[in-house]
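Before any comments, here is the structure.
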Amino acid sequence: MLMKELRIIIPTKNEEAYLPKLLESIKKQKYKDFEIVVADADSTDKTKSIAKSYRCKVIKGGYPDIGRNNGVKGCKSPLVCFIDSDIILPGPNYLNKAIKEFNERKLDLAGTLQRPIPTNRRAMNLLYKLFYKSANFAMLLSQNTKKPFMQTLIFMRTEVHKNVGGFPPYEFGEDSALAKKVVLNGYKFGILTKSGRAWISTRRLEEKGFFKMISKYVYLNIIRMLGKEHIRGKTKMKYW
């Protein structure tokens, strides 16, 4: 198999309802120089068979940080992209635009802007839009600081991932912690703006309750800014 310019890594666990939409959006991209690796955490539904039907390479996953780091092992591509399974790329030129901006700005790690997939709850859609607009604003505001903030859908140079040791074993905020580690090691971080905003599911806000999750996110980010992290095995908070 010829080496691809980009490796897309998707951590999964029982994602049969969401993974096909993401893979379809990737399939429609005009940019084709990529391979897809699905790092699965022992799904009991059709996730793995769906991934294989789209010709993805399926490997052993675990927590999101474990799945992402496993996906980089043995990677020959110079660039990797980490995407959560409940995201949809917004148009066929998304990868082209994102990679072009990433290279033009000479970034080593980049976060992206997002917007919520509309639900049938019109009143809640307004709150979801406000939440993601606020999150986008926070990411843009923090991108040039020593404690940048980013969410899922991440572009990174493979060599830099290996040099900094990849994602840390955190229950929450491992993506922003990676950004912080990259900056502290002298690499360049930024938020991509020219590619547009990717669609993201509001399922966590729906399942746990909007205001409960907002309170949790605010709490997690405040204590993160104060220097405390939820390291797996040393925190009472659990991802699953």
Side-chain angles (χ1 to χ4, degrees), residues 8 10-30 38 41 43-47 50-51 54 64 81-98 101 110-143 148-155 171-176 179 191-225 237-240:
I8 297 173
I10 308 170
T12 60
K13 183 178 176 68
N14 296 330
E15 298 289 358
E16 65 179 7
Y18 295 94
L19 186 59
K21 298 175 184 178
L22 168 59
L23 294 177
E24 277 296 320
S25 73
I26 295 175
K27 183 179 178 181
K28 293 176 181 177
Q29 294 298 302
K30 291 184 178 180
V38 171
S43 290
T44 55
D45 63 2
K46 298 179 181 179
T47 296
I50 290 171
Y54 280 85
C81 177
F82 305 100
I83 311 181
D84 277 13
S85 56
D86 59 351
I87 283 177
I88 300 175
L89 302 187
N93 286 311
Y94 184 83
L95 287 180
N96 270 326
K97 291 179 179 179
E101 181 181 358
T112 56
L113 303 177
Q114 291 148 32
R115 56 182 167 176
I117 298 173
T119 70
N120 56 8
R121 303 175 66 191
R122 293 184 179 180
M124 292 304 297
N125 284 337
L126 295 175
L127 291 176
Y128 297 147
K129 287 181 180 179
L130 179 61
F131 170 72
Y132 279 101
K133 281 185 177 181
S134 299
N136 288 338
F137 177 75
M139 288 190 288
L140 290 170
L141 192 65
S142 70
Q143 68 176 320
F149 165 62
M150 68 175 180
Q151 300 183 104
T152 54
L153 210 175
I154 300 161
F155 291 87
E171 289 287 342
F172 298 95
E174 74 286 343
D175 35 22
S176 293
I191 299 294
L192 303 180
T193 60
K194 296 180 181 179
S195 53
R197 296 172 296 160
W199 296 102
I200 185 169
S201 167
T202 59
R203 60 174 173 174
R204 291 179 178 84
L205 300 175
E206 292 275 328
E207 293 170 358
K208 304 294 184 181
F210 179 80
F211 293 104
K212 182 178 179 180
M213 286 302 295
I214 293 301
S215 298
K216 187 174 185 177
Y217 287 142
V218 170
Y219 165 74
L220 289 171
N221 282 293
I222 287 177
I223 64 172
R224 174 179 168 269
M225 294 303 292
M237 302 190 74
K238 299 297 179 184
Y239 184 84
W240 284 324

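Note that the coordinates shown come from a computational prediction; the quantities given were computed from them, not determined experimentally. Note that these values count all heavy atoms, side chains included, but never hydrogens, waters or copies made by symmetry.
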Heavy atoms only: give me the nearest S176-F149 pair and the separation to one decimal. OG-CD1, 3.2 Å

Is the backbone of R197 close enough, under 3.5 Å, to the side chain of R115 for a donor and an acceptor to pair up by distance? yes

Exam field: side chain S25 to backbone L89, donor-acceptor pair closer than 3.5 Å: yes

Interatomic spacing from CG in L205 to CG in L127 - rounded to 0.5 Å: 9.5 Å

Would F155 and L95 satisfy side chain to side chain contact (heavy atoms under 4.5 Å, CB included), going step by step from the backbone distance to the final call? CA-CA 10 Å; F155 291 87; L95 287 180; 4.0 Å; yes

Please determine whether side chain to side chain contact (heavy atoms under 4.5 Å, CB included) holds for the pair Y94 and L153, giving the CA-CA distance in whole Å, both sets of side-chain angles, and the decisive distance to 0.1 Å. CA-CA 12 Å; Y94 184 83; L153 210 175; 3.6 Å; yes

Starting at OG1 of T112, measure out to CD1 of I191 and round the result to the nearest 0.5 Å. 7.0 Å

The reported gap from CD in Q143 to CG in L140 (rounded to nearest 0.5 angstrom) is 5.5 Å

dist L23:CG -> I50:CD1 (nearest 0.5 Å) comes out at 8.5 Å

Distance-only polar pair, side chains of N14 and T47, donor-acceptor under 3.5 Å: no

Give a yes or no answer on whether the side chain of N93 reaches the backbone of K30 with a donor-acceptor pair at less than 3.5 Å. no

Would you compute the distance between atom NZ of K21 and atom CD1 of I117 and round it to the nearest 0.5 angstrom? 6.5 Å

Please check this pair: side chain of Q114 against backbone of K133, looking for a donor-acceptor N/O pair closer than 3.5 Å. no

Side chains of Y132 and Q151, donor plus acceptor under 3.5 Å: no

Could I get the full list of salt bridge (Lys or Arg N to Asp or Glu O under 4.0 Å) partners for E101, not counting sequence neighbours? R105

Stepwise side chain to side chain contact (heavy atoms under 4.5 Å, CB included) check, T202 with M124: CA-CA 10 Å; T202 59; M124 292 304 297; over 6 Å; no

So which of L22, T12, T152 actually passes side-chain contact (heavy atoms from CB on, under 4.5 Å) with D84? T152

How long is the gap from NZ on K97 to OG1 on T193, to the nearest 0.5 Å? 11.5 Å

Apply side chain to side chain contact (heavy atoms under 4.5 Å, CB included) to the pair L192 and L113, showing each step before the final yes or no. CA-CA 7 Å; L192 303 180; L113 303 177; over 6 Å; no

